[in-house]
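Working notes, beginning with the structure itself.
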Amino acid sequence: MSPRQRSGSHQAAAIITVVADVMAVILGLWILMYLLEANRANSLVGFIQDAARWLAGWSYDLFTFDDDWARVVAGYGLAAVVYLVVGHAVAGRLRRQT
């Protein structure tokens with residue numbers, strides 16, 4: 001393989017890793033803001049909540065714990081872990097193909 005293709009796949013792997021990390025950070029921030037009872041009228045808190053709800057749409061309310069905090073931590077936390085694992089696995093696979 002040419003060096004140009006190798007650097008391209010490494011760049012793609014780096015981008016995938018960064019995107020997965022940012023998605024996990026957004027989800028983690030929402031969990032933290034929820035647990036600390038952040039002011040939901042604040043525009044930053046609202047943005048993080050909306051972004052996290054969109055990112056965790058598939059895992060939102062997946063678990064039916066009695067306590068709301070446990071539901072938030074489990075649902076959004078699962079999404080964050082899945083994004084990290086899948087993103088880093090795909091990036092690792094791209095790096096190994098060179």
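A quick note: this is a predicted structure, and the numbers were derived from the prediction, not measured.
- In terms of heavy atoms, A52 sits closest to I26 at N-CG2, 4.0 Å.
- Nearest approach of I31 to G77, heavy atoms of both residues: CD1-N, 3.5 Å.
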Test side chain to side chain contact (heavy atoms under 4.5 Å, CB included) applied to D21 and H88, step by step: CA-CA 9 Å; D21 290 347; H88 285 261; 2.8 Å; yes
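- Under the 4.5 Å side-chain criterion, counting only non-hydrogen atoms from C-beta, L94 is in contact with Q97.
- Annotation for W58: atom CH2 counts as buried by contact number, over 12 foreign heavy atoms lying within 6.0 Å.
- A single hydrophobic cluster is not seen to contain both V85 and L78; linkage of ILVMFWY side chains at heavy-atom distances under 4.5 Å, directly or through other members, places them apart.
- Two different hydrophobic clusters hold V81 and L32 under the rule that ILVMFWY side chains link at heavy-atom gaps under 4.5 Å.
- A distance below 6.0 Å separates the ring centres of Y76 and Y60.
- Annotation for A24 and L84: closest pair CB-CG, 3.6 Å, computed over non-hydrogen atoms.
- The shortest distance between side-chain heavy atoms of L35 and V73 falls below 4.5 Å.
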Assess whether side chain to side chain contact (heavy atoms under 4.5 Å, CB included) is satisfied between N39 and V45, documenting all intermediate values. CA-CA 7 Å; N39 179 10; V45 175; 5.5 Å; no
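- Put simply, the side chain of L55 does not reach to within 4.5 Å of the side chain of W30, judged on heavy atoms.
- Applying the salt bridge (Lys or Arg N to Asp or Glu O under 4.0 Å) test to D67 and every residue at least two apart in sequence or in another chain returns nothing.
- Hydrophobic clustering of Ile, Leu, Val, Met, Phe, Trp and Tyr side chains at less than 4.5 Å, counting indirect connections, unites W54 with V22.
- Shortest non-hydrogen contact noted between A56 and L27 is CB-CD2, 3.9 Å.
- Scanning all heavy atoms of the two residues, the minimum distance from R71 to F63 falls at CG-O, 3.2 Å.
- In this structure, R40 and Q49 have side chains that are in contact, with non-hydrogen atoms separated by less than 4.5 Å.
- Ionic pairing of D50 and R53 is not present here: no N-O contact between side-chain nitrogen and carboxylate oxygen is shorter than 4.0 angstrom.
- Within a 6.0 Å sphere centred on CZ of F47, heavy atoms belonging to other residues, nucleotides or ligands number 12 at most.
- Shown here for R95 and A13, the closest heavy-atom pair between the two residues is CG-CB, 3.7 Å.
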